[in-house]
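Note that these values count all heavy atoms, side chains included, but never hydrogens, waters or copies made by symmetry.
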Amino acid sequence: MASDTKKMRCAVYTRKSTEEGLDKAFNSLDAQREACEAYILSQQHEGWKALPDLYDDGGFSGGSMERPALRQLLDDVKAGKVDIVVVYKIDRLTRALSDFAKIVDVLDQADASFVSVTQAFSTTTSMGRLTLNVLLSFAQFEREVGAERIRDKIAASKAKGMWMGGGVPLGYEAKERKLLVVPHEAATVRDVMARYLASDSIRTLVEELRDDGFVSKRRVMKDGSVRGGVPFKRGALAYMLSNRIYVGEVVHKDKIYPGEHEAIVDREVFDAVQAKLADRTASTDVGVRRRVSLLAGMIRDDRGRPMSPCHTRNHGRRYSYYASSMNDDASSPALRLPAGELELSVRNTIAKWLRDGDRIRELAAGRNAEDIARLFECCSDLATRITTAPVAEARTLLEQLALQVSVTAKGARASFDSATLCSMAGLKQIPEKRISIPIPTSQSQYGHEPRLRLEPAGYSSISRDERLVELIARSFSARDQLLALDQHQLDALPVTKLRHLQRTARVSYLDPAIIRAILNGTQPSRLSARSVWRMSDLPLDWAGQRQALGINAPQS
């Protein structure tokens, strides 16, 4: 009989969030693997056998799937090399519900499963999936609480004027977590500030600094690689000119605190630079302030021609556009889009990306919890400012991100520099990469001429159904009530009340993507609290739930 037992190839996966202690002879990864291999040995009668391959992720957060060993493990599962994935605890595999759903999909497609040594259940049953969802909810909660503690610590430290790490600005060096002035770099910063006050624009100053040999701060990383020491780019220079570190201040969100470090730029000079940054796109000719163009200098058509702001008047009304410059190439018809709609779409498109948790986690893959929390905070604050700030301030922010908008006859895209974004959040060792995002557009026919049309900006049209939100809250409360009752108390409940609690509690097991859509107000308009509560045939699997309720699947 033993010879007929099917051999089950078991892969052990281990993970530790930080690199602390990994250099020891016997570390946390070794302890996890030893426990998993002992469990596999105990199941030898079932045909279990540990594979020799090591799948160890040391120093990687469980909040992201961008982990080399996990990627290799999933590839081996897809290739049919693994039957069972064994982990010490479920949170070693992932701490995010959305990532868990992706991992389970890969396992299901390969007819594989996984086992947690300290939490005995199987993913092959609906009850096992339910148990996992509950455990992962607590794991995700623990990760988010940890991030909140880090954010609170950062806020309290900055209120005392402390520098909380990140990219060290030109003019300073970091020693024992304090900023100390580097005299020759400080002189460069003062020179750049003075040159900007005498220049026509940031673009002119960038060219002037490049011609005179000015370069950004040179940093030597721990691995010996060198970053920086290159000519200034427009976005980085704009960020430098507005950095309040140089006047001895520390900024946290919208609050400014006196810093512990020494200022290297006079207050009068810095204030004059800020005034020029805010007013450089405004005209004061004849005392009339013209319309500030959010995207001027940052938008081009498919032939590389800049699209300049222009306007027409019709029946006393003024209509503003961005149109291709025919001076650069008149051989092709000009592209033209309404300025107000385009600017709103660009703002909302960038802000929506900055608020997308999955995208931010991908960008911060492999970093520690403090870096991730700082990036989340920076992106959230930046998204709010881009959508709500006056045009002049929003334009400064977009210039700092090195925004570029490309328009063709068939669509439009916005792109920005992820390295600058990470630098604004104080992250180190940033690979240069541009993030490209499509702007919602459609094709319309005007007579015989096809034209590009901007779709309404969906981000500002969110409509939250408070009754649906209330149902979600009541469902978790009903679930807690049921779990707190013993069998005797359940038998004593009136049948109608028990059924009501069960029907309501069922909603708490909805796919997290559906719950997020309801809380954000992005659910389909036909979805109501009554329709969700009355659904008796709601599927148990998340994909089936999304299909039944008309919710788009989360992006991978």
Return yes if some donor-acceptor pair links the side-chain N/O of Arg67 with the main-chain N/O of Leu93 below 3.5 Å, else return no. yes
Measure across Lys16 and Leu29 and return the closest heavy-atom pair with its distance rounded to 0.1 Å. N-CD2, 3.8 Å
Short N-O contact, Lys7 and Asp83, less than 4.0 angstrom: no
Atom of Arg347, atom of Ala389 and distance for their closest heavy-atom approach: NH1-O, 3.0 Å
Donor-acceptor contact present, side-chain Asp57 to main-chain Leu70, <3.5 Å: yes
Determine yes or no for a side-chain-to-main-chain donor-acceptor pair under 3.5 angstrom, with Gln32 supplying the side chain and Arg15 the backbone. yes
Show, in sequence, the C-alpha distance, side-chain angles and deciding distance for Tyr55 and Asp76, and conclude whether the side-chain contact (heavy atoms from CB on, under 4.5 Å) test is met. CA-CA 11 Å; Tyr55 301 95; Asp76 289 348; 2.5 Å; yes
Test log, rule side-chain contact (heavy atoms from CB on, under 4.5 Å), inputs Val77 and Gln109: CA-CA 9 Å; Val77 169; Gln109 291 172 11; over 6 Å; no
Assess the residue pair Trp353 and Leu363 against the criterion (side-chain contact (heavy atoms from CB on, under 4.5 Å)); give the C-alpha distance rounded to whole Å, side-chain angles, the decisive distance to 0.1 Å, and a yes or no. CA-CA 11 Å; Trp353 192 96; Leu363 189 61; 4.2 Å; yes
Specify the closest pair of heavy atoms between Leu401 and Thr420, including all atoms of both residues, with the distance to one decimal. CA-CG2, 4.3 Å
Test Leu498 against Leu482 for side-chain contact (heavy atoms from CB on, under 4.5 Å), laying out the working first. CA-CA 9 Å; Leu498 178 60; Leu482 289 173; 3.9 Å; yes
Between Ser216 and Val230 (side chain of the first, backbone of the second, donor and acceptor by atom type, cut-off under 3.5 Å), is there such a pair? yes
Would you say the side-chain atoms of Asp30 pair up with the backbone N or O of Asn27, donor to acceptor, closer than 3.5 Å? yes
Minimal heavy-atom distance between Gly259 and Val250, with the atoms involved, is CA-CG2, 3.9 Å
Can any side-chain N or O of Gln545 pair as donor or acceptor with the backbone N or O of Asp511 at less than 3.5 Å? yes
Here the pair of heavy atoms bringing Pro169 nearest to Tyr246 is CB-OH, 3.7 Å
Going by atom type alone, with no hydrogens or angles, which donor-acceptor pairs under 3.5 Å involve a side-chain atom of residues 468-477 and a protein atom two or more places apart or on another chain?
unit_1 : atom_1 : unit_2 : atom_2 : d
Ser475 : OG     : Ile472 : O      : 2.6
Ser475 : OG     : Ser508 : N      : 3.4

Would you please classify the geometry between the His261 ring and the Tyr172 ring as parallel, tilted or perpendicular, with 30° and 60° separating the classes? perpendicular
Here the gap from Ile514 atom CD1 to Leu519 atom CG, rounded to the nearest 0.5 Å, amounts to 12.0 Å
Any residue meeting side-chain hydrogen bond (donor to acceptor under 3.5 Å, both in side chains) with Tyr88, in chain and number order, not counting sequence neighbours: none
Quick check against the 3.5 Å criterion: does Arg479 have a side-chain atom that pairs as donor or acceptor with the backbone of Ala505? no
